[in-house]
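Just below is one structure, and these are the notes that go with it.
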Amino acid sequence: MTPIAPGTHLDHLLRQTRMHHVQLSAMADVKANIMLSLAAVLTTFSIGYLSDPVLRWPVVVLILFCGATALFAAYAVMPKLNFDFRPNVKDPDCNILFFGNFMNLEYEDFNQIMDEMMHSSDKVYEAQVREVYELGVYLGHQKYRYVRYAYLSFISGLVSSGGLLILLEVIRLWR
């Protein structure tokens, strides 16, 4: 592969990609918040119908799925931090730009690592590329996966409780 000279085109590429990742993360947070709010509101309004013998079981199903929706949505936005983690900064897989990797370092250690990295444009670009990669992996495997599960749980709950209500009504009418 031909070496690429550092320059503004690379800086712009990495900056734009990181900005997109931040925007995607914020969108996932908003979507999870919407699902959490919808599940909470629907559960609150549904509880009043538990005493109705016709609606009891469809409401129970709906409340259970809303609970699962709330759990998935909350998990999607819950910070994942390891307070005991000490990064091996000599490991090439260490992402020193991610706060979860340097939050347990003393400032002097962090400063030394950053100083060493900033004196080499190759290391600066490698750190930024690693940051972009790890942000994307985190978004795909953590946030958006659980936001998707929240949506699927919510839709499944609506369909299941609606289907159960229709089934119970058909059974009641055939009696």
Side-chain angles (χ1 to χ4, degrees), residues 1-44 64-159:
M1 187 184 270
T2 308
I4 302 171
T8 54
H9 63 289
L10 293 178
D11 297 339
H12 181 71
L13 170 77
L14 292 169
R15 187 179 314 112
Q16 280 299 115
T17 305
R18 290 171 92 183
M19 284 176 34
H20 289 141
H21 281 52
V22 169
Q23 290 171 340
L24 287 170
S25 182
M27 287 171 46
D29 291 347
V30 167
K31 290 177 182 189
N33 187 30
I34 289 169
M35 295 311 298
L36 197 56
S37 299
L38 269 174
V41 167
L42 200 54
T43 299
T44 302
L64 289 174
F65 276 97
C66 282
T69 299
L71 288 174
F72 285 130
Y75 189 75
V77 295
M78 184 184 343
K80 280 81 173 168
L81 298 174
N82 184 348
F83 293 101
D84 298 323
F85 178 71
R86 298 275 306 169
N88 176 5
V89 292
K90 301 298 182 198
D91 182 0
D93 292 337
C94 178
N95 179 4
I96 196 61
L97 298 181
F98 176 60
F99 75 95
N101 284 352
F102 68 76
M103 70 181 202
N104 294 325
L105 292 176
E106 296 297 324
Y107 175 73
E108 293 77 24
D109 296 334
F110 175 73
N111 189 37
Q112 179 183 354
I113 295 163
M114 290 298 287
D115 187 50
E116 180 183 316
M117 180 183 63
M118 290 188 297
H119 280 85
S120 165
S121 61
D122 289 344
K123 287 184 180 180
V124 168
Y125 283 112
E126 172 61 29
Q128 290 182 65
V129 167
R130 177 160 301 286
E131 176 73 1
V132 166
Y133 171 77
E134 288 187 5
L135 283 170
V137 168
Y138 177 77
L139 284 172
H141 288 281
Q142 290 294 322
K143 281 198 174 194
Y144 274 93
R145 173 188 290 180
Y146 290 100
V147 169
R148 176 180 165 76
Y149 291 163
Y151 273 98
L152 289 173
S153 176
F154 188 76
I155 292 168
S156 298
L158 291 177
V159 170

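Side chains included, hydrogens not; waters and symmetry mates left out as well; all remaining heavy atoms used. Numbering of residues begins at 1 and proceeds along the displayed sequence. Since this is a predicted model, take the numbers as computed values, not measurements.
Heavy atoms only, all atoms of each residue included: A73 and A32 are closest at CB-O, 3.4 Å. Across L97 and M114, no two heavy atoms sit closer than the pair CD2-CE, 4.0 Å. Taking every heavy atom of both residues into account, M118 and V124 meet most closely at CA-CG2, 3.8 Å. Contact detail for M35 and A150: the closest heavy-atom pair is CE-O, 3.8 Å. C66 and A39 make their closest contact through O-CB, 3.4 Å (heavy atoms, listed as atom of the first residue, atom of the second, distance). Minimum interatomic distance between T69 and F154 (heavy atoms only, all atoms of both residues): OG1-N, 3.1 Å.
With a 4.5 Å cut-off on side-chain heavy atoms, Q128 and R18 count as touching. In this structure the side chain of K31 reaches within 4.5 angstrom of the side chain of Y151, judged on heavy atoms. Within the 4.5 Å cutoff, the side chain of M27 has heavy atoms near those of the Y144 side chain. Counting only heavy atoms from C-beta outward, the side chains of R130 and E126 approach each other to under 4.5 Å. Counting only heavy atoms from C-beta outward, the side chains of T43 and F65 never approach each other to under 4.5 Å. Contact of the L42 side chain with the L158 side chain is registered, since non-hydrogen atoms from C-beta on lie closer than 4.5 Å.
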For the pair Y125 and D11, evaluate side-chain contact (heavy atoms from CB on, under 4.5 Å) and give the outcome as yes or no after the intermediate values.
-> CA-CA 9 Å; Y125 283 112; D11 297 339; 2.6 Å; yes
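At least one donor-acceptor pair closer than 3.5 Å links the side chain of S37 to the backbone N or O of N33.
With values rounded to the nearest 0.5 angstrom, H21 atom NE2 is found 10.5 Å from Y133 atom OH. Of the inter-residue distances, the one linking H9 atom NE2 with L14 atom CG reads 10.0 Å to the nearest 0.5 angstrom. Y138 contributes atom OH, which lies 12.0 Å from atom CZ of R145 (distance to the nearest 0.5 angstrom). Rounded to the nearest 0.5 angstrom, T17 OG1 and H12 NE2 are separated by 9.0 Å.
A salt bridge (Lys or Arg N to Asp or Glu O under 4.0 Å) check over residues 21-30, counting only residues at least two apart or in different chains, returns the pairs D29-K143.
Two rings, from Y146 and Y149, have their centers less than 6.0 Å apart.
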